[in-house]
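To find a chain, count down the sequence lines: A is the first, B the second, and so on, and within it residues start at 1.
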Amino acid sequence: MTPAVLADLVRSTALAVLADRGLDTSVVPESVTVQRPRNPEHGDYATNLALQSAKKLGVPPRDLATWLAEALVATDAISSADIAGPGFVNLRLAADAQAGIVRETLAAGERWGTGDAMAGLKVNLEFVSANPTGPIHIGGTRWAAAGDALGRVFTAQGAEVTREYYINDAGVQIDRFAESLIAATKGEAPPEDGYKGAYVSDIGAEVLRRNPSALSLPTEERHQLFRTVGVELMLGEIKSSLHAFGTDFDVFFSELTLHNSGTVEATVARLKDSGQLYENEGAWWLRSTEYGDDKDRVVIKADGRPAYIAADIAYFADKRKRGAQLCLYLLGADHHGYIGRLKAAAAALGDDPGAVEVLIGQMVNLLSDGKPLRMSKRAGTVLTMEDLVEAIGVDAARYALTRSSTDSTLDVDLDLWSRRSNDNPVYYVQYAHARLSSILRGAGDLGIDITGSEVDLALLTHDREGDLIRTIGEFPRVVRSAAELREPHRVAHYLESLASAYHKFYDACRVLPQGDEETSPLNVARLQLCAASRQVLANGLRLLGVGAPERM
RNA sequence: GCCCUCGUAGCUCAGCGGAUAGAGCGAGUGACUUCUAAUCACUUGGUCGCAGGUUCGAGUCCUGCCGGGGGCACCA
């Protein structure tokens, strides 16, 4: 019996109890809380329903709890129901009912943990979107890991996710990038505010290799060539880094196409027509304060060129046109000022600002020897995604970056994470998977068939077995809350608790028959528990994009 | 000044309004002739930044203050 089914049982039992006594059944919430108490003496599960409802009913909470407990213990699935504290009802499941979780997990397989909380919802998930003027640095890497995991979690809840990367290939940064490439190719120093670093020379050289006469072109044509080809090459490297990192996008959307196709212009015209823009000091302003922004924003600059936000608005409109019901933006903390204007932009278009959701992720500090590494993208002293992967590996990097809430600034100590030891929690989780794989291989070698449906899972009565089973049962609601709260780090945290429950079980409970022993029903039941545990570890690690090794 | 975010063990971080606040690392002691010791058990370690408020119940929600980080462009 999963917690969700148990919650339904508690709810229906409570409704019946109240109805019997002629009390108001409407005080029972739609969704009843059933949680796993921290203290094992408080049972397998506990519900606070009596505490929540007592006041509204005018009944002492302990009386209500007593009635509920009496009715619950009369059901087959529940072996005991005790009243504790101010009015908790502490429940223990019958072994057979509890073991049903194992059966359900094995039956669901890869689908265990999926749900329909976001069924059919079309989500546009935009993340990373780093300028194609250099490699992805550590901040973008955090989003690559967390955003990708979030996309996987959404998909597990039935959402239709489009992973999107917005390419800022218009604007002055790109011009500076092109000029930097040209300077590097000519062996000159980069222009002021230009880009430095070996990659600039490399890309410049590659542009020249493809177009040997590039440097002798007229200035404007030369600029265009380096700009176009340079961005293409840089983007190619970015895509390749992301792919190696296990993060693939469905759409790479070019800002330039919005300008070139006239979409930006058309969107601005639409805003002007609907009176959302006004002219002041030669520029056109969006009345974004009317929709909650801090200040009005310039959309068309006094020089007649569109400001960055103009393309943003057009881009949002394009996403909606393509069917996105929810447009999620994953931005760094240095962009938090965008929330107001993006929502205002949606409202100004006559759209629902609720379709815009911005997640702000805090910065990553890199430490070496406990000392912070200062980085400057323009100076070329950057720790890139590829550097990080080279230093600690994809699995460790993804895990390190998805393990913590994106609300927290994160310290990544390269020395610590580069130690390939159990300092790294990812090994703890992966090791559990490898151990389980080894046991299941062993069962295969012994010719034990663990697939039988007649296996008596009610034999799993050891404390460690019960704890492991209940932990497995938590997985679906962990995934669900990770999706609803947009907090994929909950999956990582859960996996560590699952690995811990498994390692403790392994320590206390022999799984395979020893020596010449006959295979007992308990061996088979435990093997099913192992198979279920391994399934959940694999499913969870996949949500994080981290490998589940069979051997370590 | 205004906005966002964080403040929990020596360090890095979890913590869905619930009961005696957790994990890893660090420090210490044990456990492999037996399914993977990258593991397990035990010990050490806390005014959950401070002060109010809401609640049967607050690390969690609200307000104020203190401290760290990040923003507050006709840059992108």
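- Here A/Tyr431 and A/His503 bring their ring centres to under 6.0 angstrom of each other.
- Across B/C13, B/A73, B/U36, the shortest atom-to-atom separation from the side chain of A/Lys295 is found for B/A73.
- Judged by distance alone, with hydrogens and angles left aside, A/Asn48 brings a side-chain donor or acceptor within reach of the base of B/G18, the pair sitting under 3.5 Å.
- Contact between the side-chain N/O atoms of A/Arg403 and the OP1/OP2 oxygens of B/A23 is not found at any separation under 4.0 Å.
- Look at A/Tyr428 and you'll find a side-chain N or O under 4.0 angstrom from OP1 or OP2 of B/C40.
- The gap from the C1' atom of B/G18 to that of B/G57 amounts to 7 Å, rounded to the nearest Å.
- Relative ring orientation between A/Tyr166 and A/Tyr315 is described as parallel, the plane-to-plane angle staying below 30° on a 0-90° scale split at 30° and 60°.
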Heavy atoms under 4.0 Å is the rule here; annotate nucleotides 2-9 of chain B 5' to 3' with B where the base is hit, S where only the sugar-phosphate is, and - elsewhere.
-BSSS---
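- Between A/Tyr427 and the phosphate of B/A38, there is no side-chain N or O to OP1/OP2 separation shorter than 4.0 Å.
- Regarding A/Tyr494, its OH atom lies at a distance of 16 Å from the P atom of B/G15, rounded to whole Å.
- What separates CG of A/Leu49 from P of B/G17 is a distance of 17 Å, to the nearest Å.
- As a whole-Å value, the separation of A/Lys56 NZ from B/U55 C1' is 12 Å.
- By the 4.0 Å N-to-carboxylate-O rule, A/Asp44 lies close enough to A/Arg470 to be salt-bridged with it.
- In this model, a donor atom of one side chain and an acceptor atom of the other lie less than 3.5 Å apart for A/Glu126 and A/Ser129.
- Between the side chain of A/Asn90 and the base of B/A19 there is at least one donor-acceptor pair of N/O atoms closer than 3.5 Å.
- Rounded to whole angstrom, the span from the CZ atom of A/Arg551 across to the C1' atom of B/U39 amounts to 19 Å.
- Put simply, NE2 on A/His433 is 18 Å from P on B/A38, counting in whole angstrom units.
- By the 5.5 angstrom centroid cut-off and the 30-degree plane limit, A/Phe88 is classified as stacked against the base of B/A19.
- A distance of about 10 Å separates the P atoms of B/C4 and B/U63, rounded to the whole Å.
- Distance CD (A/Glu496) to P (B/U39): 12 Å, rounded to an integer number of Å.
- At whole-Å resolution of the value, NZ in A/Lys504 and P in B/G24 are 7 Å apart.
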Map every base of RNA chain B to its dot-bracket character, where paired means a Watson-Crick or G-U wobble contact with both distances under 3.5 Å and | marks a partner outside the strand.
(((((((..((((....[...))))((((((.......))))))....(((((..]....))))))))))))....
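- If you take CD of A/Gln52 and C1' of B/C16, they are 12 Å apart, rounded to a whole angstrom.
- A salt bridge between A/Arg486 and A/Glu357 is present, with a side-chain N of the basic residue lying under 4.0 Å from a carboxylate O of the acidic one.
- Contact annotation: A/Arg510 side-chain N/O to B/C35 OP1/OP2 distance is not under 4.0 Å.
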